[in-house]
*Asks:* 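Okay, here's the structure, questions in a sec.
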Amino acid sequence: MKKKKLNFFSKAIIYLVTLVVIFLVTILGTKYYFYDSDYAVKKTDLSTITIDNIKLGMNISEVDLSKYKTIENVIDKCNYNFEELSIKTDSKGKISYIIANYKKTSLDINQENGEKITKVNGIWSELGSNYKTEIYKPDDNNYWKISKYVDTENSIYLGVIYSRYNNEISKIILSNDRIKE
């Protein structure tokens with residue numbers, strides 16, 4: 001009788017330990033799979049970066065929108081779409097997201113010589129090597145890459161989209177939230 005009880009408890013303990021191990025492996029595996037790799041990128045100070053002298057946090061009323069060519073009507077009071085760039089604001093009119101056609105706008109990173117950088121290597125040399133590069137697939141092609149810079153202290157994310165064949169910059173994303181594909 002004691003042997004049956006001992007055998008039952010040893011099987012129960014083995015079963016319980018197995019369940020705990022499977023549970024822990026599942027939890028840790030899920031955490032690894034969904035790990036937010038943007039936070040693994042070392043911080044870069046992006047607080048001075050502007051696109052066409054437009055800075056995140058500015059009020060949209062401070063921006064001269066008349067110099068941009070409209071391609072769509074304003075979808076709502078928070079989205080402004082132009083040929084050169086698109087701007088999203090919060091409900092109070094503060095700019096929270098800008099995506100810009102790089103060839104039709106200017107990016108100010110405090111370059112000393114004032115020349116426009118055309119290749120992503122120039123951005124890397126200006127901002128440093130604290131970035132993460134991924135394939136960028138907005139329309140199911142894989143001809144583009146994106147280098148992401150993170151400034152968690154100021155809640156600023158910079159994405160530089162460029163051709164993976166010749167490294168020419170195509171678009172710039174400046175956002176207060178993580179940049180997703």
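Being a predicted model, the structure only gives us computed values, none of them experimental.
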*Asks:* Taking the side chain as every heavy atom from C-beta outward, state whether Ile172 and Ile99 have any atom pair closer than 4.5 Å.
*Replies:* no
*Asks:* Kindly write out the residues that satisfy side-chain contact (heavy atoms from CB on, under 4.5 Å) with Val20, not counting sequence neighbours, or none if the list is empty.
*Replies:* Leu24
*Asks:* Do Lys43 and Val150 have side-chain heavy atoms sitting under 4.5 Å apart?
*Replies:* no
*Asks:* Just to verify, what does Ser47 make a side-chain hydrogen bond (donor to acceptor under 3.5 Å, both in side chains) with, not counting sequence neighbours?
*Replies:* Asp45
*Asks:* Would you kindly say whether Asn81 and Ser86 are connected by a side-chain donor-acceptor distance under 3.5 Å?
*Replies:* yes
*Asks:* With respect to Ile51, which candidate in Leu158, Leu56, Thr105 satisfies the side-chain contact (heavy atoms from CB on, under 4.5 Å) definition?
*Replies:* Thr105
*Asks:* Rounded to the nearest 0.5 Å, how far does CG of Asp151 lie from CG of Leu46?
*Replies:* 4.5 Å
*Asks:* Can you name the one residue among Ile173, Ile87, Thr89 that meets side-chain contact (heavy atoms from CB on, under 4.5 Å) with Tyr97?
*Replies:* Ile173
*Asks:* How long is the span from the NZ atom in Lys119 to the OG atom in Ser125, to the nearest 0.5 Å?
*Replies:* 13.5 Å
*Asks:* Test of understanding: with side-chain hydrogen bond (donor to acceptor under 3.5 Å, both in side chains), list the residues that count as partners of Ser96, not counting sequence neighbours.
*Replies:* none
*Asks:* Determine the minimum heavy-atom distance between Tyr102 and Thr118, stating which atoms define it.
*Replies:* CE2-CA, 4.4 Å
*Asks:* Got a sec, which residues hit side-chain hydrogen bond (donor to acceptor under 3.5 Å, both in side chains) with Asn121, two or more places apart in sequence or on another chain?
*Replies:* Asn167
*Asks:* Do Ile22 and Ile14 share a hydrophobic cluster, counting only Ile, Leu, Val, Met, Phe, Trp and Tyr and linking them when any side-chain heavy atoms are less than 4.5 Å apart?
*Replies:* no
*Asks:* Got Glu134 and Lys145 here, is their nearest side-chain heavy-atom distance under 4.5 Å?
*Replies:* no
*Asks:* Which atoms form the tightest heavy-atom contact between Ile95 and Asn176, and what is the distance?
*Replies:* O-OD1, 3.6 Å
*Asks:* Is there a side chain to side chain contact (heavy atoms under 4.5 Å, CB included) between Lys171 and Lys103 once you walk through the steps?
*Replies:* CA-CA 8 Å; Lys171 294 181 181 170; Lys103 292 181 180 175; over 6 Å; no
*Asks:* Name all pairs fulfilling the ring-ring contact (aromatic ring centres under 6.0 Å, His included) condition that reach into residues 50-71, sequence neighbours left out, sorted by first residue then second.
*Replies:* Tyr68-Phe82
*Asks:* Tell me the side-chain hydrogen bond (donor to acceptor under 3.5 Å, both in side chains) pairs involving residues 53-65, sequence neighbours left out?
*Replies:* Asn59-Ser61, Asp64-Ser66
*Asks:* Could you tell me if the side chain of Ile49 sits less than 4.5 Å from the side chain of Leu174, heavy atoms only?
*Replies:* yes
*Asks:* Measure the CD1-CG distance between Ile54 and Asp108 for me, rounded to the nearest 0.5 Å.
*Replies:* 12.5 Å
*Asks:* I want to check something: taking the side chain as every heavy atom from C-beta on, are Ile109 and Leu127 in contact at a cut-off of under 4.5 Å?
*Replies:* yes
*Asks:* Of all residues at least two apart in sequence or in a different chain, which pass the side-chain contact (heavy atoms from CB on, under 4.5 Å) check with Ser163?
*Replies:* Trp144, Tyr165, Asn166
*Asks:* Mind checking side-chain hydrogen bond (donor to acceptor under 3.5 Å, both in side chains) for Ser147 and listing every partner two or more places apart, or none if nothing turns up?
*Replies:* Trp124, Thr133
*Asks:* Do you know which two heavy atoms are closest between Tyr149 and Ile123, and how far apart they sit?
*Replies:* OH-O, 3.9 Å
*Asks:* Please collect all salt bridge (Lys or Arg N to Asp or Glu O under 4.0 Å) contacts where either partner lies in residues 83-96, sequence neighbours excluded, each pair once.
*Replies:* Lys69-Glu83, Glu83-Lys104
*Asks:* Does Thr44 offer a backbone N or O that forms a donor-acceptor pair with the side chain of Tyr131 under 3.5 Å?
*Replies:* no
*Asks:* Can you give me the closest heavy-atom contact between Leu65 and Tyr80, atom names plus distance?
*Replies:* CD1-CD2, 4.0 Å
*Asks:* Looking only at heavy atoms, what is the nearest atom pair of Arg164 and Ile135, with distance?
*Replies:* NH1-CD1, 4.0 Å
*Asks:* As a quick check of understanding, evaluate side-chain hydrogen bond (donor to acceptor under 3.5 Å, both in side chains) for Asp52 and Ser106, giving each step before the final call.
*Replies:* CA-CA 5 Å; Asp52 274 359; Ser106 65; 3.1 Å; yes
*Asks:* So do Ile146 and Val160 actually touch side chain to side chain, heavy atoms under 4.5 Å?
*Replies:* no
